[in-house]
Amino acid sequence: MFPSVDSLQEINLLRNNYGAQYGGEGAAIFNLASKAGTSTFHGSAYYYFQNQLLNANGYFNNLAGNARIPFRYNDFGFTLGGPLYIPKFLSRERSSTFFFVSGEFLRSAQAATSSVPNDPTALQRQGAFSSPVCVAYNSKGACSSTSTTVTNIDPLAKAWLNDVIDKTPLPNGPSNTPQELFSSFDGIMNEGQIIGRVDHSFSQKLSFFVRFLNDPYNSIGPEGIGGNTNPIPGLATTSAQSGAQNTLLHATYVPTINWVLEGGLSHMRAYENTQVIGLLNPANAPDFTPNLPYVNLTGKLPTVTIDGTKYNSAGPINRINPTNQAFLNVTHTMGRHTILFGLNVERMKSSYTNLNNGNNGGFTFTAPSSVGNAQAVWNQSFADFLIGYTTSFSQSTFGGREGYGADIYEAYVQDNYKPTQNLTLNLGLRYSYYRDPTEWILNSDNFDPALYSAAQAPTIDNTGYICLKSPCAGGGTPNPAYNPLNGIIIPGQNSPFGRAMVSQPNLDFAPRFGFAWSPFANHSTAIRGGYGIYYKFPTIWGNEPSGNPPSISTINASNVSFENPGGTVALSTTPPAIGALGVNYKVPYIESFVFDVQRQLPAHVVLDVAYV
């Protein structure tokens, strides 16, 4: 969420050594104050644009005979603020209610160039090659027939040709790289941010404002959202709708000249939704229907990789992250002391579905390097694709949605003490209780070494695979007590931490100390320093283990049927890779030391020497 610059009244940067009233990681903090309406009307409007007609063409575009890359950038907006009044009943001069609204709109279409080193030619797409390739293999995987023409094209390969490959451009590279495809992609990015604020003063002691921000962002990613290993025009085109909404209620009460209380309630909703709309959307490939071991629920076709050229797409993703916050800050002036104390409570939830976990399945066609040079490897790999001879296949079960909730409870106290006119001391303490996330949609788990039993470990044969049937390669017998969930803890089921995956840290105290001293009477020198501990936002809330059994199971196999991998794949015996977080979890923190000396020199020059 990035508020429009024209909606901001003030930007304050804190580089380091800030007081206990600020949480966070010890990095720089930006305090942004939004504009408010006044007793008179004020407004502004602006328009900024860029266009490809003002740009020169790129070298590779000229080489391929392509026109200038499309680039259209239009950024326009307005602001308006003033009093709210009712003619004949409440004049502008007497109104104590004011409004401010800001709008910024982005309409952008821009492109990028890319290249694919191996794109099948028109003849190769028909099964014709310049030199002989293997067109049949025996039961042991040895080549039994060669030809310069593939006539036995696999039905599923034919469907992929018709629905995907034949709808992509042919190679357009120079003569020394005839398989290469140069292309440009047109992307669309539209944003429309609206910020509205209403202020009301009940009296000189009590004021209130409400602010709403809506920042939707819609885009079309021609190469896919999240990247595409080998971008091919029209293949992985993805639409995305993301953004955030925020509502803030804020009140300030000044009962006496020595007391200031300010607090508020905030609700923020961040979201992200992506969908594949290019050739890899199953609706655009009705003929490609492989019999997969698991149902493909991702909304995209399986990944097909031919000698490094990938026909794939990232996503889709569906994410909603609402956060509710309540805070109170109190300032009390008492002689040479300014006391600050307050509370902060946040409740966060997350609902997340990432369909990029391999549930769509993946077929790989890669010939060994022993067939010859790079061109020979490509020719054989594409021939293997045409006859449906897969090098490898993998697919995971659908991971499903993940959802968790977490809370933050914080309190602080700070004393800014001025014992003399040239010395200020800052003493503070902040306490943060980051409650471990608890699963409300159970789809994550963890590994606890204390619960792992060697007696339930599998037998590994001398090829590195799990032995499930006798005899095991290299000797030994299968372990009848083998438990695939050995050491796995599942929140809400067998986790020793209830609906959490790790232990709960509760001693996160963050002391703060700082000073500012002007040692000379002319105040030309200032010496500042300080120390603080700053707890970082727990990474567990965004990096929980995923892909572990039983939530996800993965099948890996070699030389399976392209058309029917579901009928030829057995239970995977590859030892699974287990993701884990340390069960005795500690919230990470930063210790910060600062010492700074500033000296005013002649000619309005300031010398600043600091250790950070």
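Along the sequence shown, the residues carry numbers beginning at 1. This structure is a prediction, so every number in the text was calculated from the model and none was measured.
The minimum heavy-atom distance linking Ala516 with Arg528 is given by the pair CB-CG, 4.1 Å. Smallest separation of non-hydrogen atoms from Leu265 and Ala326: CD2-CB, 3.6 Å. Between Phe327 and Glu262 the shortest heavy-atom distance is CE1-OE1, 3.9 Å. When all heavy atoms are compared, the tightest approach of Ser266 to Leu248 is CB-CD1, 4.0 Å. Closest heavy-atom contact between Ala20 and Leu429: CB-N, 3.6 Å. When all heavy atoms of Ile194 and Gly103 are compared, the pair lying nearest together is CD1-CA, 3.8 Å.
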Open item on the list: ring-ring contact (aromatic ring centres under 6.0 Å, His included) for Phe208 and His200? Distances and angles first, verdict last.
Closed with: CA-CA 5 Å; Phe208 169 86; His200 180 75; 8.3 Å; no
- [ ] Evaluate the side chain to side chain contact (heavy atoms under 4.5 Å, CB included) criterion for residues Leu301 and Val164: first the C-alpha distance (whole Å), next the side-chain angles of each, then the deciding distance (0.1 Å), finally the verdict.
- [x] CA-CA 10 Å; Leu301 294 177; Val164 179; 4.1 Å; yes
Open item on the list: Working note: His250 + Arg211, criterion side chain to side chain contact (heavy atoms under 4.5 Å, CB included); need CA distance, chi angles, decisive distance, verdict.
Closed with: CA-CA 8 Å; His250 186 278; Arg211 185 183 65 211; over 6 Å; no
- [ ] Could you give me the CA-CA distance, side-chain angles and deciding distance for Phe99 and Asp199, then say whether side chain to side chain contact (heavy atoms under 4.5 Å, CB included) is met?
- [x] CA-CA 6 Å; Phe99 79 93; Asp199 291 70; over 6 Å; no
Open item on the list: side chain to side chain contact (heavy atoms under 4.5 Å, CB included) for Met268 and Gln245? Distances and angles first, verdict last.
Closed with: CA-CA 6 Å; Met268 186 177 73; Gln245 298 168 339; over 6 Å; no
Open item on the list: Assess the residue pair Asp6 and Thr79 against the criterion (side chain to side chain donor-acceptor pair (under 3.5 Å)); give the C-alpha distance rounded to whole Å, side-chain angles, the decisive distance to 0.1 Å, and a yes or no.
Closed with: CA-CA 7 Å; Asp6 284 59; Thr79 65; 5.5 Å; no
- [ ] Quick one: do Ser4 and Gln193 satisfy side chain to side chain donor-acceptor pair (under 3.5 Å)? Show the steps, please.
- [x] CA-CA 8 Å; Ser4 170; Gln193 182 187 99; 4.8 Å; no
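Taking CG of Asp407 as the reference point, atom CZ of Arg347 lies at 4.5 Å (rounded to 0.5 Å). One distance of note links CE of Met501 with CZ of Phe447; it measures 15.0 Å at 0.5 Å rounding. Distance check, rounded to the nearest 0.5 Å: CG of Asp215 to CD1 of Ile195 gives 8.0 Å. The OG atom of Ser242 lies 6.0 Å from the CD atom of Glu272; values are rounded to the nearest 0.5 Å. Once rounded to the nearest 0.5 Å, the distance linking CZ of Phe393 with CD of Gln395 reads 4.5 Å. Within the model, atoms CD1 of Ile232 and OG1 of Thr309 stand 6.5 Å from one another, a figure rounded to the nearest 0.5 Å.
Between His332 and Trp259, the ring planes are parallel. Angles under 30° get that label, and only those over 60° would be called perpendicular. Ring orientation note: the planes of Phe513 and Phe515 are tilted relative to one another, at an angle of 30° to 60°.
Aromatic ring centres of Tyr534 and Tyr18: separated by under 6.0 Å. In summary, the aromatic rings of Tyr535 and Tyr589 are positioned with their centroids under 6.0 Å apart.
Side-chain N or O atoms of Thr274 include one that pairs as donor or acceptor with a backbone N or O of Ile317 at under 3.5 Å. Between the Asn284 side chain and the Gly278 main chain, a donor and an acceptor come within less than 3.5 Å of each other. Panel note: side chain Arg430, backbone Ala510; no donor-acceptor pair is recorded below 3.5 Å. No donor-acceptor pair under 3.5 Å is formed between the side chain of Arg435 and the backbone N or O of Gly405. Remark: the backbone N or O of Tyr434 is paired with a side-chain donor or acceptor of Gln504 at under 3.5 angstrom. Side-chain atoms of Asn281 come within 3.5 Å of backbone atoms of Val276 as a donor-acceptor pair (strictly under, hydrogens ignored). Side-chain atoms of Ser503 come within 3.5 Å of backbone N or O of Tyr585 as a donor-acceptor pair. Between the side chain of Asn296 and the backbone N or O of Lys300 there is at least one donor-acceptor pair closer than 3.5 Å.
Using a 4.5 Å cut-off on side-chain heavy atoms (C-beta onward), His267 and Pro322 make contact. Between Pro575 and Ile460 the shortest side-chain heavy-atom distance falls below 4.5 Å. Within the 4.5 Å cutoff, side-chain heavy atoms of Asp436 are placed close to those of Pro505. Side-chain contact between Leu292 and Pro565 is present, with at least one heavy-atom pair separated by less than 4.5 Å. Proximity of Ser313 to Leu235: side-chain heavy atoms (C-beta onward) are nowhere separated by under 4.5 Å. Residues Phe497 and Ile489 meet the side-chain proximity criterion, which asks for heavy atoms closer than 4.5 Å. For the pair Leu279 and Tyr311, the minimum side-chain heavy-atom distance is 4.5 Å or more. Within the 4.5 Å cutoff, side-chain heavy atoms of Cys467 are placed close to those of Pro478.
The ring-ring contact (aromatic ring centres under 6.0 Å, His included) search around Tyr431 returns Phe509, not counting sequence neighbours.
In this structure, a donor-acceptor pair under 3.5 Å is absent between the side chains of Ser351 and Arg319. Between the side chains of Tyr294 and Asn360, no donor-acceptor pair of N or O atoms lies under 3.5 Å. Asn344 and Glu346 are linked by a side-chain donor-acceptor pair at a separation below 3.5 angstrom, with hydrogens and angles left out of the test. Side-chain atoms of Gln275 and Ser239 form no donor-acceptor pair, as typed in the model, at a separation below 3.5 Å. Glu591 and Tyr531 are linked by a side-chain donor-acceptor pair at a separation below 3.5 angstrom, with hydrogens and angles left out of the test. Judged purely by distance below 3.5 Å, without hydrogens or angles, the side chains of Asn273 and Gln241 never pair a donor atom with an acceptor atom. Between the side chains of Gln456 and Asn479, no donor-acceptor pair is found at a separation under 3.5 Å. Asn426 and Asn416 share a side-chain donor-acceptor pair at under 3.5 Å. Donor-acceptor pairing under 3.5 Å is lacking for the side chains of Asn359 and Ser396. Residues Asn446 and Ser495 bring no donor and acceptor atom of their side chains to less than 3.5 Å of each other.
Within a 6.0 Å sphere centred on OH of Tyr465, other residues, nucleotides and ligands contribute 12 heavy atoms or fewer.
Annotation: cation-pi geometry satisfied between Arg197 and Phe209 (NZ/CZ under 6.0 angstrom from ring centroid, within 45° of ring axis).
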